[in-house]
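Note that the structure is a prediction, hence the values are computed from the model and not measured. No hydrogens, no waters, no symmetry mates; every other heavy atom, side chains included, goes into these values.
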Amino acid sequence: MITTAQCVNGIWMGVILIGLGLVPGLFQGIGDSLCIFADALTGQFGFMSRRRMNLGQPRWFALTGAVILCATLLAYSVR
């Protein structure tokens, strides 16, 4: 049994995780930015980093979001 505020919080968390899991290339852009930042800190000022982080699209985020969303709605409906 959960309150309405907890239900809304669970719905938002689930929707955000589903969005993060389904947006293509989101984490690749973040990884490339981190490589460029690390190169700037070490003194290798190139436009593009020589190394590239291969970050695949984490589809498990979407699955986790769907599980949280379903569990939240189930817990709220048990009231």
Side-chain angles (χ1 to χ4, degrees):
M1 209 150 94
I2 62 175
T3 65
T4 304
Q6 292 170 327
C7 179
V8 170
N9 190 19
I11 290 171
W12 276 113
M13 283 193 307
V15 167
I16 288 171
L17 283 173
I18 289 171
L20 287 174
L22 296 179
V23 173
L26 175 69
F27 290 99
Q28 189 60 49
I30 293 171
D32 290 344
S33 298
L34 287 174
C35 285
I36 291 170
F37 180 71
D39 287 347
L41 286 179
T42 60
Q44 301 172 0
F45 294 104
F47 179 71
M48 290 300 290
S49 175
R50 284 182 238 162
R51 62 187 184 277
R52 183 174 170 99
M53 297 174 76
N54 189 9
L55 300 173
Q57 188 173 352
R59 299 227 184 251
W60 61 272
F61 274 3
L63 180 63
T64 304
V67 168
I68 289 174
L69 193 61
C70 290
T72 299
L73 293 176
L74 179 67
Y76 186 70
S77 68
V78 170
R79 287 178 134 204

Connected to V8, directly or through other members, by ILVMFWY side-chain contacts below 4.5 Å are W12
Same cluster (ILVMFWY, side-chain, under 4.5 Å), L63 and I11: no
Can you tell me how far the CD1 atom of I2 sits from the CG atom of N9, to the nearest 0.5 Å? 9.0 Å
Could you give the side-chain donor-acceptor pairs of residues 64-74 under 3.5 Å, partners two or more places apart or in another chain?
from : atom 1 : to  : atom 2 : distance (Å)
T64  : OG1    : W60 : O      : 2.8
T72  : OG1    : I68 : O      : 2.7

Measuring only between side-chain heavy atoms, which start at C-beta, is T3 closer than 4.5 Å to Y76? no
Restricting to side-chain contact (heavy atoms from CB on, under 4.5 Å), what partner residues turn up for L22, sequence neighbours left out? I18, R59, A62
